[in-house]
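Each remark here refers to the structure printed beneath this line.
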Amino acid sequence: MSRTMLTGNVAAAWGARLAGIEYLPAFPITPQTEIIETISRWIETGEMDCRMTTLESEHSMVTAAGAAAAAGVRVFTATSSQGLLYGMEMLYTTAGWRAPFVLVNVSRGLSSPITLEPDHNDILAARDSGFLQLHCATCQEVLDGVLVAYRLAEDERVRLPVIVNMDGFHLSFTREPVEITDAAAAARFLPPFDPGNLGFRAGAPLSEAVAVLGGSPYSYFRYQVHLAALNAEAVFPSIAGEFHRAFGRPFPAVETYRCDDAEVVFVMMGSFATKAKAAVDRLREAGEAVGLVRPVMLRPFPSAALREALAGKRGIAVVDQNLSPGRGGVLHTEISAALQGCAGPSPVLASFVGGLGGREIASEEFCEMAAVARRAAAEGRAPEPRLLFTEAERKEMRNLQAIALARGARERRP
Amino acid sequence: MYRIRFHGRGGQGVKTASRILGTAFFLSGFEVQDAPRYGAERRGAPIFAYVRADRRPIHERGVIRDPGLVLVADETLVAISAASVLEGVGARTAFLVHSGEETQTWRDRLDLAGPVVTLPVAGPHGEGLEARYVGAACAAAAACLAGVVSLGAVEEAVREELEGLADEVIARNREHARWAYGLMEPLRGCVEPDPAHPAGPIPPPGWVELPFEDARVSAPATHAGVTSTLVKTGLWRTVRPVIEHARCRGCWWVCGSLCPDGVIGVDEAGRPWIDYDHCKGCMVCLSQCPNRAIDAIPERDARGAESAGGEK
Amino acid sequence: MSETRFRTMKDLPAAHLLGTGTAMCAGCGGLEALHQIYDILGEKTVFINAAGCMTLLAIYPYTPFGGSWLYSAMASAPAGAQGVRDALDILLSKGRISPEEDLTAVVLTGDGSAYGMGLSAASGTIERGLDFIYVCYDNEGYGNTGQQHSGATPHGARTSTSRGRSGFPGFKKDLFAVWVSHRPSYAATVVGSEPLDLARKIEKAKGLRGPRLILALAPCPTGWDFDPAEAARIGKLAVETGVWPLKEYFDGRVTFTRAPKKRLPVEEYLEVQGRFAHLFHPRRNEVLLGDIQAQVDAAWREAESQGLPEK
Ligand SMILES: Cc1ncc(C[n+]2csc(CCOP(=O)(O)OP(=O)(O)O)c2C)c(N)n1
Ligand code: SF4
Ligand code: SF4
Ligand code: SF4
Ligand SMILES: [Mg+2]
């Protein structure tokens with residue numbers, strides 16, 4: 001099988017193409033737009049048989065996606081940041097419809113201030129919507145993730161929509177060698193959509209997404225979404241195993257890197273986790289027992305796999321590319337909860353918030369984070385959470401503020 | 001790992017250059033990562049792209065801070081600090097600039113420890129290297145300097161990356177690639193792969209605590225007016241409009257109103273003037289002047305004349 | 001037009017208020033119109049912006065405005081204007097600001113938002129009779145994201161999501177008519193390449209109260225694929241070929257402010273733009289060219305049947 005240089009966006013488009021999607025409701029937004037542009041070109045050249053409709057907003061786009069899935073076709077859509085938020089009402093809504101489809105989100109920081117660059121606050125805002133979430137670290141994973149996502153979404157034990165997430169710029173606009181799965185093999189792995197009892201037909205009455213009065217039916221329906229999501233955790237290994245056997249590439253719910261004998265590990269999601277791998281290699285060369293644990297699946301939360309991966313570690317540096325104001329890093333909260341009540345000595349967690357709005361995380365910073373986690377483990381006490389922010393950055397902010405706050409400054413010629 | 005950075009202006013094919021080189025490395029059996037980096041700015045504004053290539057899987061991501069080779073498609077960028085062309089250029093970094101000046105002039109000017117090379121603007125036939133072939137030429141030059149990618153791989157990469165364009169255009173790009181590759185032969189292999197990480201102790205990152213500051217200063221708000229003039233968009237310009245006052249009839253309401261950026265003012269005598277700090281060189285004024293009183297001068301020549309005490 | 005400070009081109013402002021150094025493309029027709037508009041509206045304004053190219057006018061800590069600015073979101077700029085206007089009214093009525101400190105609320109939006117996602121908020125705001133000016137720079141696509149088609153894209157244009165042989169299959173929506181159907185205080189079409197017509201309309205709008213639309217055609221070298229130097233010429237051709245009728249709505253009536261005596265063939269406007277190149281190369285698409293000409297002719301015939309233009 002040969003590999004091709006693809007951006008994460010084009011890899012996502014390939015995933016959709018190989019999944020034989022029938023319908024693409026779309027709306028442009030940077031850094032996602034290349035996905036819908038690529039598919040639109042394939043439709044125009046006849047390489048893909050799919051209907052694409054550009055809606056006037058993401059609210060409409062997600063509505064159309066859910067509605068078409070509920071009507072029984074295989075649907076794909078994509079968005080990012082402000083678009084994901086604008087569609088948020090319909091994320092919760094369509095998840096409740098129990099209509100499976102796949103949405104690729106290209107992570108980008110949220111307004112305000114408005115930015116084009118990546119972090120994970122957008123995708124984490126959708127954490128409690130009922131959509132399942134897969135977080136990719138490479139362009140290959142994006143393609144693979146879309147195929148896996150359809151299997152998961154359409155599994156009769158699950159039947160929930162899935163978001164496949166990739167980082168803006170670092171994956172969306174970055175090319176890496178990607179193996180484009182053979183179409184026939186993809187079709188074997190992912191047969192045509194069987195909508196089961198979904199679908200609107202003359203002669204078959206169906207009132208979908210009806211209202212409820214009272215908490216009991218509401219609790220029932222919403223908790224069923226939860227149970228379906230938990231089922232996804234249970235069925236995932238068999239789907240991923242089948243994928244691995246078919247294509248020779250693993251797609252674990254939790255990836256571990258040089259972890260077995262590690263005393264200190266990084267925990268982080270998405271493409272920056274590969275930077276952590278580079279730092280792990282560097283620290284290993286220096287003789288330090290460091291590793292990486294990366295949740296690929298965030299919803300359902302792979303508690304068991306994470307506990308297993310983290311068992312026996314002394315220090316854990318959780319690197320959050322997101323910020324929950326008034327609490328801190330979201331992943332840190334989740335990992336803490338997952339480790340609560342585990343048998344054996346519990347590791348010390350160090351919380352770092354970094355990479356917000358596209359800020360890079362330097363190799364030296366990973367090394368320092370590992371050192372902090374190691375010290376914390378030795379002292380047996382968690383350090384204060386830290387924002388990755390340097391003296392040079394603070395100086396830069398001071399310079400910008402001097403301009404922004406200089407009332408009445410005005411420079412015109414002559 | 002090879003870490004290679006291309007600099008140019010928006011619209012100059014820097015992304016294509018990085019993709020040709022990326023594909024050429026890939027065809028030669030390397031693991032590769034290539035990416036362009038666009039800011040908010042537009043055509044003419046400085047942009048860059050980068051390529052990483054290694055025999056092993058690449059875990060590193062993001063902007064290259066310690067390049068082994070830097071290629072500059074537009075020599076005027078070197079003097080522009082905002083373009084950050086020289087960022088991270090170290091003792092081993094090779095530096096290639098597409099320029100009409102002598103290599104020795106650049107060596108003296110930049111005073112770098114690593115090799116300095118020029119890609120002559122004269123082009124393969126001495127009649128000037130057309131802008132649209134600079135990307136392919138730079139990619140080929142980089143391939144030769146790295147020494148591990150054959151000319152055949154570069155030509156194949158040009159074909160793949162330009163697929164869909166006319167055969168003639170692809171042929172011309174390949175011709176330019178051959179020319180640039182050949183020119184670099186004497187220096188073939190002067191760019192060596194760098195180690196995965198720098199040797200020696202790991203420097204501390206220099207973190208600081210970010211203190212609370214009240215919302216009067218810590219909200220994303222600008223309390224000063226018209227601060228955008230501090231941004232010198234004149235740097236985007238590659239061609240300069242020059243008002244020939246002998247031909248100008250003083251109808252400033254034409255050029256002054258139509259200039260999209262509003263950079264044409266009027267002096268007391270009713271004569272228009274152009275704010276070159278901000279003029280983007282769109283040439284709307286030139287095309288709209290009813291008296292053809294505006295000339296277009298290549299920016300390089302205009303800057304040269306300026307520093308020689310010429311027109312201000 | 002009655003009472004105007006702008007009788008000839010010589011009356012146009014010689015010095016400009018909008019700061020230079022913004023991130024708009026060289027040759028941006030939207031910026032050309034905006035700086036002319038700002039010269040006349042002045043700095044006693046607060047611009048409420050919807051996501052689009054112009055969002056990048058103000059990038060911390062740089063702003064071209066001597067007055068005020070608030071970036072909102074893609075869908076809700078008119079609602080932002082509502083909040084700002086209502087608050088200013090409260091402050092005025094309570095004497096917490098003086099009348100001299102009052103500002104005009106101005107929405108600044110692209111067509112993608114105006115013709116689509118932002119239309120509902122705009123409709124509601126007009127319906128409530130808000131005292132505001134709504135400036136839409138119409139570059140006929142989602143420019144900031146790379147020119148995908150929007151509700152303002154003309155029939156046949158190539159966009160990054162309609163690259164086939166016949167370009168965009170849909171038709172440009174008539175936003176002017178949508179506004180007029182709401183009976184606003186004022187509505188006008190303008191283009192930066194006709195600065196005198198534009199100045200008079202902004203002057204007129206400024207003198208009125210209530211919802212006022214300024215719909216500016218914004219030739220876009222990047223999205224329409226032409227040499228930036230051609231921006232003003234293309235704006236002029238849009239008017240001379242009748243593609244972009246310069247008109248205004250006031251007091252219940254539509255008036256054409258600059259109807260070309262004899263309209264040039266639409267081709268002259270189309271053939272200078274890369275986004276229509278497929279209508280001419282590799283061979284002429286006579287059917288589509290004929291359709292586009294027929295649409296323009298029909299629009300003018302309809303206007304004439306209503307006794308317009310009369311100016
Ligand atoms: C809810 C939401 N969806 C998508 C976007 C991404 N986006 C930013 S600007 C833009 C295009 C706006 O088009 P238009 O209004 O025509 O303005 P232009 O870019 O052409 O100036 C889009 C789609 C966004 N900011 N918010
Ligand atoms: S339009 Fe031409 S002639 Fe008129 S003032 Fe400007 S430069 Fe001079
Ligand atoms: S080239 Fe002319 S029209 Fe364009 S920005 Fe410069 S002065 Fe203005
Ligand atoms: S894309 Fe078009 S509208 Fe946007 S800034 Fe550039 S020229 Fe102006
Ligand atoms: Mg637009």
Side-chain angles (χ1 to χ4, degrees), chain A residues 3-5 7 112-114 116 138-139 167 169-171 173-177 257 271-283 285-286 358 360-365 367-369 371 384 386-394 397 401 403-414, chain B residues 15 18-19 22-23 25-27 30-40 50-51 56-63 65 157 160-161 196-198 201-211 213 216-230 263 265 267 273 275 277-278:
Chain A
R3 300 191 302 162
T4 313
M5 294 290 291
T7 60
S112 285
I114 184 95
L116 294 174
T138 63
C139 296
D167 292 318
F169 290 80
H170 294 283
L171 291 184
F173 296 159
T174 299
R175 294 199 315 171
E176 294 175 342
Y257 183 71
S271 67
F272 272 35
T274 70
K275 290 182 177 238
K277 283 188 185 173
V280 165
D281 291 346
R282 184 176 185 180
L283 289 163
E285 273 170 38
E360 297 276 356
I361 302 181
S363 171
E364 297 80 58
E365 295 189 295
C367 297
E368 183 70 15
M369 287 190 269
E384 284 294 305
R386 168 174 285 285
L387 172 73
L388 305 188
F389 202 75
T390 63
E391 179 58 28
E393 291 176 281
R394 193 167 63 176
M397 270 317 295
Q401 282 173 318
I403 297 169
L405 303 173
R407 244 170 212 289
R410 161 188 279 272
E411 189 196 321
R412 283 192 79 84
R413 293 203 326 165
Chain B
K15 174 172 158 188
S18 70
R19 287 193 163 192
T23 296
F25 264 114
F26 178 63
L27 293 171
F30 282 79
E31 293 297 316
V32 181
Q33 188 191 81
D34 64 51
R37 198 71 181 174
Y38 333 89
Y50 50 86
V51 177
R56 296 184 306 175
I58 298 172
H59 295 320
E60 208 173 275
R61 289 192 180 279
V63 173
R65 303 237 176 261
E160 283 188 18
E161 292 306 324
H197 344 280
I202 300 168
W207 289 335
V208 287
E209 293 297 331
L210 188 60
E213 293 177 346
R216 280 177 299 184
V217 300
S218 66
T222 297
H223 293 275
V226 204
T227 48
S228 61
T229 54
L230 294 170
V263 304
D267 68 13
W273 55 269
D275 166 6
D277 279 349
H278 299 103

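The sequence lines fix the lettering, A, B, ..., with proteins before strands; numbering per chain opens at 1.
By number of non-hydrogen pairs under 4.5 angstrom with chain B, the leading residue of Glu368(A), Lys277(A), Glu365(A), Arg394(A) is Glu365(A). Looking only at heavy-atom pairs under 4.5 Å with chain A, the residue among Gln33(B), His59(B), Lys15(B), Arg216(B) that has the most is His59(B). Annotation: maximal heavy-atom pairing with chain B below 4.5 Å, among Asp281(A), Ile361(A), Leu387(A), occurs at Asp281(A). When each of Ala371(A), Ala276(A), Pro177(A) is checked for heavy-atom pairs under 4.5 Å with chain B, Pro177(A) comes out on top. The candidate from Pro198(B), Ser18(B), Ser228(B) with the greatest count of non-hydrogen atom pairs under 4.5 Å with chain A is Pro198(B).
Contact annotation for Ser363(A): neither backbone nor side-chain heavy atoms come within less than 4.5 Å of a heavy atom of chain B. The contact between Arg65(B) and chain A is made entirely by side chain atoms (from C-beta outward), counting heavy-atom distances below 4.5 Å. Looking at Ala221(B), the atoms closer than 4.5 Å to chain A (heavy atoms on both sides) all sit in the backbone: N, CA, C or O. Looking at Pro205(B), the atoms closer than 4.5 Å to chain A (heavy atoms on both sides) sit in the backbone and in the side chain alike. Heavy-atom distances place no part of Pro57(B) under 4.5 Å from chain A, backbone and side chain included. The contact between Val63(B) and chain A is made by backbone and side chain atoms together, counting heavy-atom distances below 4.5 Å. For a residue to count as touching a neighbouring chain, one of its non-hydrogen atoms must lie under 4.5 Å from one of that chain's; by this rule Pro201(B) does not touch chain A.
Of all heavy-atom pairs between Leu171(A) and Ser271(A), the closest is CG-CB, 3.7 Å. Closest of all the heavy-atom pairs between Gly22(B) and Val51(B) is CA-CG1, 4.1 Å.
Note on residues 217-229 of chain B: no pairs pass salt bridge (Lys or Arg N to Asp or Glu O under 4.0 Å), not counting sequence neighbours.
Salt bridge absent: Glu285(A) and Arg282(A) never bring a charged side-chain N and a carboxylate O closer than 4.0 Å. Salt bridge present: Arg61(B) and Glu176(A) bring a charged side-chain N and a carboxylate O closer than 4.0 Å. Salt bridge annotation for Glu31(B)-Arg3(A): present, with a cationic side-chain nitrogen under 4.0 angstrom from a carboxylate oxygen.
Residues passing the side-chain hydrogen bond (donor to acceptor under 3.5 Å, both in side chains) test with Glu209(B) are Arg386(A), sequence neighbours excluded.
Side-chain contact check for Ile202(B) versus His197(B): every heavy-atom pair is 4.5 Å or farther apart.
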